[in-house]
Amino acid sequence: MSGPGNQALNINNVVGQQANLQITNHGSDWYYTVCAIMGISAIAFMALAFRRPQSHRIFHYITAGICAVACIAYFAMGSNLGQVPIQAEFVRPNSHWVGAAGTREIFYARYIDWAITTPLLLLDLLLTAGLPWPTILITIFADLIMVVTGLIGALTRTSYKWGFWTFGTAAFLFVVYTLLGTARSHANALGGEPKKTYMMCGAWLTGLWFLYPIAWGLSEGGNVIHPDSEAIFYGILDIFAKPLWGALLIWGHRNINPSQLGLHIRNPEQTNEKYNQPQNGVHGPDRAVGANGAGVPTTAGAGAPTATPATNGHQV
Ligand code: RET
């Protein structure tokens with residue numbers, strides 16, 4: 001589709017907003033290709049979700065959401081949008097810009113994507129390990145520090161960008177510590193399918209995520225590779241990190257009941273509740289049957305004054 005077919009670079013070529021070093025039509029075509037892959041994957045995961053009961057869709061929904069957000073981010077990047085020219089610290093090897101490094105196209109859209117999707121990827125994985133929610137929360141917090149410092153470093157013109165990269169890497173190592181330590185031992189304790197799925201997806205995720213700070217060092221950081229190569233590098237990583245990883249995770253969950261993971265999700269299909277029907281004003285005995293027959297504490301009779309708040313909780 002390169003050449004006259006893809007006009008994004010011509011149309012979105014705003015004077016004063018273009019970097020000296022930016023993607024070409026090839027980079028744009030590739031970004032649009034990844035955009036399509038993400039979009040198709042999001043639709044496929046939603047289609048798979050509808051084949052399961054509502055109480056068994058959480059991992060499909062999270063993973064579909066991840067791919068949908070990536071699809072939009074890739075649309076922006078293919079269109080040469082969501083970017084800003086930043087003075088590069090180093091002259092790129094073999095660059096035409098003699099004497100000065102010039103500006104490089106930095107896609108901040110990438111970081112908006114990551115700020116939304118990497119916490120969801122971790123949620124997918126850490127729920128599989130049956131981790132207590134405060135531990136999930138602090139891990140996602142560290143992940144957000146990683147993404148935000150990566151963005152600020154990318155927008156920094158001087159060598160101080162590496163300071164942000166260092167903070168980001170420290171935060172990332174905390175995430176890795178949770179994955180290889182705490183979460184792994186929780187998954188081990190669960191055993192069976194959750195353990196198998198966690199081990200597979202956890203190893204995949206950890207190995208893959210280590211390549212991102214390297215891609216950053218060669219692109220936004222060191223200005224070593226061309227923005228088209230940056231597109232290919234991050235694009236391939238993202239395909240492995242989102243649709244392919246997500247498919248493996250969802251496949252791993254085919255025989256896992258969320259209640260095994262401490263996820264007690266109300267299941268109207270099993271308890272014969274009718275949608276939009278008031279539950280006699282309170283959450284009566286129907287409700288107390290709990291998700292998937294999991295032993296949920298019951299309140300006595302329909303007249304019980306309070307609901308059973310724990311039934312929807314994530315109890316671990
Ligand atoms: C940055 C730079 C700062 C140091 C570190 C980084 C790591 C980023 C990672 C991103 C993962 C993104 C994924 C996207 C999915 O499509 C921010 C590059 C450590 C690990 C999985």
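Counting convention: from 1, in listed order, for ligands and their atoms alike. These numbers come from a predicted model, not from an experiment. Note that the numbering runs from 1 along the sequence shown for the chain.
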If you count heavy atoms of other groups shown closer than 6.0 angstrom to CH2 of W165, is the number above 12? no
Excluding sequence neighbours, so at least two apart, what forms side chain to side chain contact (heavy atoms under 4.5 Å, CB included) with I232? W30, I236
For I86, which residues count as a side chain to side chain contact (heavy atoms under 4.5 Å, CB included) partner, sequence neighbours excluded? V84, I106, L155, R157
Tabulating one pair per line, provide the atom names and distances (0.1 Å) for every N/O atom of ligand 1 that is less than 3.5 Å from a protein N/O atom.
| residue | atom | partner | partner atom | Å |
| --- | --- | --- | --- | --- |
| ligand 1 | 16 (O) | D238 | OD1 | 3.0 |
| ligand 1 | 16 (O) | K242 | NZ | 2.8 |

More than 12 heavy atoms of other residues, nucleotides or ligands under 6.0 Å from CZ of F240: is that the case? no
Pairing residues for F210 by the ring-ring contact (aromatic ring centres under 6.0 Å, His included) criterion, not counting sequence neighbours: F172
Would S79 and N12 count as having a side-chain donor-acceptor pair, cut-off 3.5 Å? no
